[in-house]
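All residue numbers refer to positions in the sequence shown, counting from 1.
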Amino acid sequence: MSPLEQARADLPARPFIDYRDGQLMVEGVSAAELAREHGTPLFVYSKAAMLDALAAYQRGFAGREALICYAMKANSTLAVLRTFVEAGCGLDIVSGGELERALRAGVEPAKVIFSGVGKTRAEMKRALEAGIGCFNVESLPELDVLSEVAAGLGRRAPVSLRVNPDVDAKTHPYISTGLKGNKFGIAHTDALVAYQHAAALPGLKVTGIDCHIGSQITETSPYLDAMDRVLDLVDAIEASGITLEHIDFGGGLGINYHGETPPAADALWQLLLAKLDARGYGQRKLVIEPGRSLIGNAGICLTETVFLKPGEQKNFLIVDAAMNDLPRPAMYEAYHAIVPVQPRETETQTWDVVGPVCESGDWLGRERELAVQPGDLLAVCSAGAYCMSMSSNYNSRGRAAELLVDGDQARLVRARESIEDQLRLESM
Ligand SMILES: *Cc1c(COP(=O)(O)O)cnc(C)c1O
């Protein structure tokens, strides 16, 4: 294979992000031109790729009552939120800050679901005043506090309990959330008692049940097992006289970073809906909270080669993006494909692609076959989810700029952070 053919084979988001005439294109726009105009590191998102990922879920739910709440922690940039909100999505939030972003993006408050194990009273109050659709509650003390806060406002908070089905999502331990040892959710065995407790509290209105078993799930079986476990609970809860209006099945569907083959969203939901139908819950309102699978492969991060540093044991390719921009390799040893923006038809060498941050953990890719020269642009693929939203100012590096591409138009949706932006809140 030629270097171009090799690079093309590594691209996880074709046809939206693909080569044309030896140049990496995001939809109809040249990546090299974007980098020239806006500098690097630079995140670029394809709107068509985002809507295509969403369409797979929408097809899967055709003819059903279902609300797709984009889990905005994956990428909470306003233009990304706006794109999904305009396409009909609700939003899954995990903090007061995300609530404000969600409202700013124009979401209908009734389509907002509030998840997370540590909601504060202030966050609860603000969310109640905004009129969000549901609180996904994760513990008994949270039920008590939420009831108190809601009663204090003369309201009843709509709640769903996040239950922990105790299934192994077969993913990285840091992003597995559905096992007994996790901090998330209410244990399967305690769920019925928790529901009875919730139903008796004056400030709550029980509306649903929720589960979320982990992230980057690439197999179907954990979902099917979790669905059975959740429906067992629904049977028991409803037998005790509590009605559940909706079933929220969380998010977690994986994407192709490096040859993974997760089920397509519509194929997965065909199986899950068959199970719901078989167990008599086919007409129940469904909520889901996908994050990564809607945005992960819609984005790339463009970065420029600063220096080549060949060595005795390893060759280092030093780029201008780093762990503060792309934290997943450092955090989870995650793999992102890294491809040249304009592949050279010369011999490749093996490189560790690293950033300038003063940490040995600051690497973006290990042992990659690349033909590069200083100044060459590279694209870090699958950078739409859990990159910009996890970015930091470590080493006093400003956050990257972000562009949203729609056809042959690219719009700057977040300016590059300046040193003044970084210093604004400080004083000596
Ligand atoms: C993170 C999270 C999601 C989204 O997970 P993805 O793997 O990005 O789809 C959904 N629900 C909850 C409660 C989460 O914490």
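- Using a 3.5 Å distance cut-off with no hydrogens or angles, the side chains of Asp320 and Thr303 do pair a donor with an acceptor.
- Listed by chain and residue number, Asp10 satisfy the side chain to side chain donor-acceptor pair (under 3.5 Å) test with Gln6 (two or more places apart in sequence, or in another chain).
- Tested against Arg399 for a side-chain hydrogen bond (donor to acceptor under 3.5 Å, both in side chains), the candidates Asp325, Asp421, Asn393 yield a single pass: Asn393.
- The nearest pair of heavy atoms linking Val357 to Arg397 is CG2-CD, 3.6 Å.
- Among residues at least two apart or in separate chains, there is no ring pair (Phe, Tyr, Trp, His ring centres under 6.0 Å) pair with a member in residues 401-428.
- Counted by atom type alone, Ser382 and Asn297 present one or more donor-acceptor pairs between their side chains at under 3.5 Å.
- Judged purely by distance below 3.5 Å, without hydrogens or angles, the side chains of Thr77 and Arg414 never pair a donor atom with an acceptor atom.
- Closest non-hydrogen pair, Ile213 versus Pro222, comes out as CD1-O, 3.7 Å.
- If you check the side chains of Tyr257 and Gln216, you find no donor sitting under 3.5 Å from an acceptor.
- Side chains of Glu65 and His246 form no contact here, defined as non-hydrogen atoms less than 4.5 Å apart.
- Under the side-chain contact (heavy atoms from CB on, under 4.5 Å) criterion, Gln196 pairs with Leu192, Ser240, Ile242, not counting sequence neighbours.
- Between Leu364 and Met323, the shortest heavy-atom contact is CD2-N, 4.5 Å.
- What you find for Arg156 and Leu201 is that their closest heavy atoms are NH2-O, 4.2 Å.
- By the ring-ring contact (aromatic ring centres under 6.0 Å, His included) test, Phe61 is found to be paired with Trp269, residues two or more places apart in sequence or in another chain being considered.
- Here the straight-line distance linking atom CZ of Phe184 with atom OG of Ser139 works out to 12.5 Å at 0.5 Å rounding.
- Asn324 and Asn395 share no side-chain donor-acceptor pair at under 3.5 Å.
- Considering only residues two or more places apart in sequence or on other chains, Gln342 meets the side-chain contact (heavy atoms from CB on, under 4.5 Å) condition with Gln23, Ala32.
- With sequence neighbours excluded, no residue forms a ring-ring contact (aromatic ring centres under 6.0 Å, His included) with Phe16.
- Lys119 forms no cation-pi arrangement with Phe135, by the criterion of a distance under 6.0 Å to the ring centre and an angle within 45° of the ring axis.
- Shown here are the ring-ring contact (aromatic ring centres under 6.0 Å, His included) partners of His197, two or more places apart in sequence or in another chain: there are none.
- No salt bridge links Glu245 with Lys285; every basic N to acidic carboxylate O contact stays at or beyond 4.0 Å.
- Side-chain contact between Arg126 and Leu103 is present, with heavy atoms from C-beta onward closer than 4.5 Å.
- Taking Ala187 as the reference, Thr189, Asp190 meet the side-chain contact (heavy atoms from CB on, under 4.5 Å) condition, with sequence neighbours excluded.
- Within the structure, the ring pair (Phe, Tyr, Trp, His ring centres under 6.0 Å) test picks out no pair touching residues 28-51 (sequence neighbours left out).
- For Arg368 and Tyr335, the positive end sits near the middle of the six-membered ring, less than 6.0 Å away and at most 45° from its axis.
- Salt bridge annotation for Glu86-Arg82: present, with a cationic side-chain nitrogen under 4.0 angstrom from a carboxylate oxygen.
- Tyr70 is linked by a ring-ring contact (aromatic ring centres under 6.0 Å, His included) to Phe84, counting only residues two or more places apart in sequence or in another chain.
- Under the side chain to side chain donor-acceptor pair (under 3.5 Å) criterion, Asp225 pairs with no residue, sequence neighbours left out.
- Put simply, CZ on Arg20 and CE on Met25 are 3.5 Å apart, with the number rounded to the nearest 0.5 Å.
- At least one side-chain heavy atom of Asp235 sits under 4.5 Å from a side-chain heavy atom of Arg279.
- Rounding to the nearest 0.5 Å places CG of Leu231 at 6.5 Å from OH of Tyr281.
- Residues satisfying the side-chain contact (heavy atoms from CB on, under 4.5 Å) criterion with Ala267, sequence neighbours excluded, are Ala264.
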